[in-house]
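Here the structure is a predicted model, which means the values were calculated and not measured. For the numbers below, each heavy atom of this structure counts, side chains included, while hydrogens, waters and symmetry mates do not. We number each residue from 1, following the sequence as shown.
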Amino acid sequence: MKGYMKRYVSLVLAVMMILGIMSCPGAVKLHVDAANGTSQKNTATDTDAVSISGLNAVPKSASSIQLKWKTIAGVDTYRIYVYDVAKKAYKEKGRTQTGAYQVSGLAKSGNEYKIAVRGYSADQGRIVAVTPLATITSKTLPGSPKLSELGARSTSNTYIKWNKVTGADGYQVYRYNRASGKWSMLTETAGLVYKDTNKTSAKGYTYKVRAYMKYKGQRYYGVYSACLLYTSPSPRDKRQSR
């Protein structure tokens, strides 16, 4: 009987200890920050935190992407991450307290990047993640082509060429007529060479080219190349070319 009572008392004490630990005001949850792999004390977890919504990304330049999202009450700072393909991990790119951020310094033009945004707040003197990662993919704009003249010039024909731009789906060729003072698009092509045969004897033609890409149902244009000035060959040039 005494042995039975001892086991009963021990069991009751064990249950009371467990209940005391569970109800202890100092008990906290461990929250793992998926962006950097560290564990932090946090009273909010990914399962009960509010997710970032309205995340949108738009190509801004050959080295930047513009982000926007809806801000959340209680979030002090948003951290922006770009996925490093080589290291297979997100790398922090910047921080903001607003719902917009321009990710700059991206190395490749016309390249697709995976970007993430996460909200952080102060909790008992520590900075903790209070939202899950919100991810999106977007591209940088194609770079600017380098334009040069190709072959012999004549009064009626001009041959121009440009380098291949990474991420470009095609190119637009423009010509400026000094007589009319207007730019006009001559062609849209996937090639790297254009022969302008629709000319008159007027002097003062200038050319420029820009690349474009198609992405997620939209068309985006890169920056124009430097202008290439064409002047009709002089009589001396004509004699030398014979």
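- Using a 4.5 Å cut-off between side-chain heavy atoms of Ile, Leu, Val, Met, Phe, Trp and Tyr, with links allowed through other members, V128 and I80 fall into the same hydrophobic cluster.
- Residues L141 and Y101 fall into different hydrophobic clusters, defined by Ile, Leu, Val, Met, Phe, Trp and Tyr side chains chained together at heavy-atom separations under 4.5 Å.
- Atom CD1 of I136 sits about 4.5 Å away from atom CG of L55, to the nearest 0.5 Å.
- Proximity of Y171 to W162: side-chain heavy atoms (C-beta onward) are separated by under 4.5 Å at one or more points.
- Of the possible polar contacts, none joining the S109 side chain to the G167 backbone as a donor-acceptor pair under 3.5 Å is found.
- Scanning for side-chain hydrogen bond (donor to acceptor under 3.5 Å, both in side chains) contacts around K114 gives an empty result, with sequence neighbours left out.
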* **Audit row: T131, R118, side-chain contact (heavy atoms from CB on, under 4.5 Å) steps and yes/no** => CA-CA 6 Å; T131 76; R118 194 168 204 175; 3.6 Å; yes
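- A distance of 14.0 Å separates CG in L106 from NZ in K60, rounded to the nearest 0.5 Å.
- Closest of all the heavy-atom pairs between M213 and P59 is CE-CG, 3.9 Å.
- Counting all heavy atoms, side chain and backbone alike, A100 lies closest to K68 at CB-CG, 4.1 Å.
- Distance check, rounded to the nearest 0.5 Å: CG of D76 to CD of Q97 gives 7.5 Å.
- Between the OG atom in S148 and the CG atom in N163 there is a gap of 8.5 Å [rounded to 0.5 Å].
- Under the 4.5 Å side-chain criterion, counting only non-hydrogen atoms from C-beta, L133 is in contact with Y81.
- With a 4.5 Å cut-off on side-chain heavy atoms, D169 and Y212 count as touching.
- Grouping the Ile, Leu, Val, Met, Phe, Trp and Tyr side chains by contacts below 4.5 angstrom, directly or via other members, places V173 apart from Y220.
- Of all non-hydrogen atoms in V130 and S121, the two that sit nearest each other are CG2-OG, 3.8 Å.
- Residues V209 and Y224 form no side-chain contact, since every pair of their non-hydrogen atoms from C-beta on lies 4.5 Å or further apart.
- Side chains of T137 and Y83 form no contact here, defined as non-hydrogen atoms less than 4.5 Å apart.
- In terms of heavy atoms, P132 sits closest to V50 at CD-O, 3.9 Å.
- For the pair A57 and S138, the tightest heavy-atom approach, listed with the atom from each and the gap, is CB-CB, 3.6 Å.
- At least one donor-acceptor pair closer than 3.5 Å links the side chain of T189 to the backbone N or O of G191.
- The distance from the CD atom of Q102 to the OG atom of S63 is 8.0 Å, given to the nearest 0.5 Å.
- Residue pairs meeting the salt bridge (Lys or Arg N to Asp or Glu O under 4.0 Å) criterion with at least one partner in residues 209-221, sequence neighbours excluded, are E188-R219.
- Connection of V103 to Y215 is not established within any shared hydrophobic cluster, with ILVMFWY side chains joined at heavy-atom distances below 4.5 Å, either directly or through further cluster members.
- Side-chain contact check for I127 versus R79: some heavy-atom pair is nearer than 4.5 Å.
- Side-chain contact of Y174 with Q172: a donor-acceptor pair under 3.5 Å is present, judged by distance alone.
- Nearest heavy-atom pair across S104 and K93 is O-CE, 3.1 Å.
- A heavy-atom distance below 4.5 Å is found between the side chains of Y78 and T71.
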* Begin from the C-alpha positions of N177 and Y205 and carry the test side-chain contact (heavy atoms from CB on, under 4.5 Å) through to its verdict. => CA-CA 5 Å; N177 189 334; Y205 287 107; 4.0 Å; yes
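- Counted by atom type alone, Y207 and D196 present one or more donor-acceptor pairs between their side chains at under 3.5 Å.
- Linking Ile, Leu, Val, Met, Phe, Trp and Tyr whenever their side-chain heavy atoms come within less than 4.5 Å puts L186 and I160 in one cluster.
- Y90 is listed as a side-chain neighbour of T135, based on a closest heavy-atom distance under 4.5 Å.
- Taking CD1 of I65 as the reference point, atom CD1 of I115 lies at 4.0 Å (rounded to 0.5 Å).
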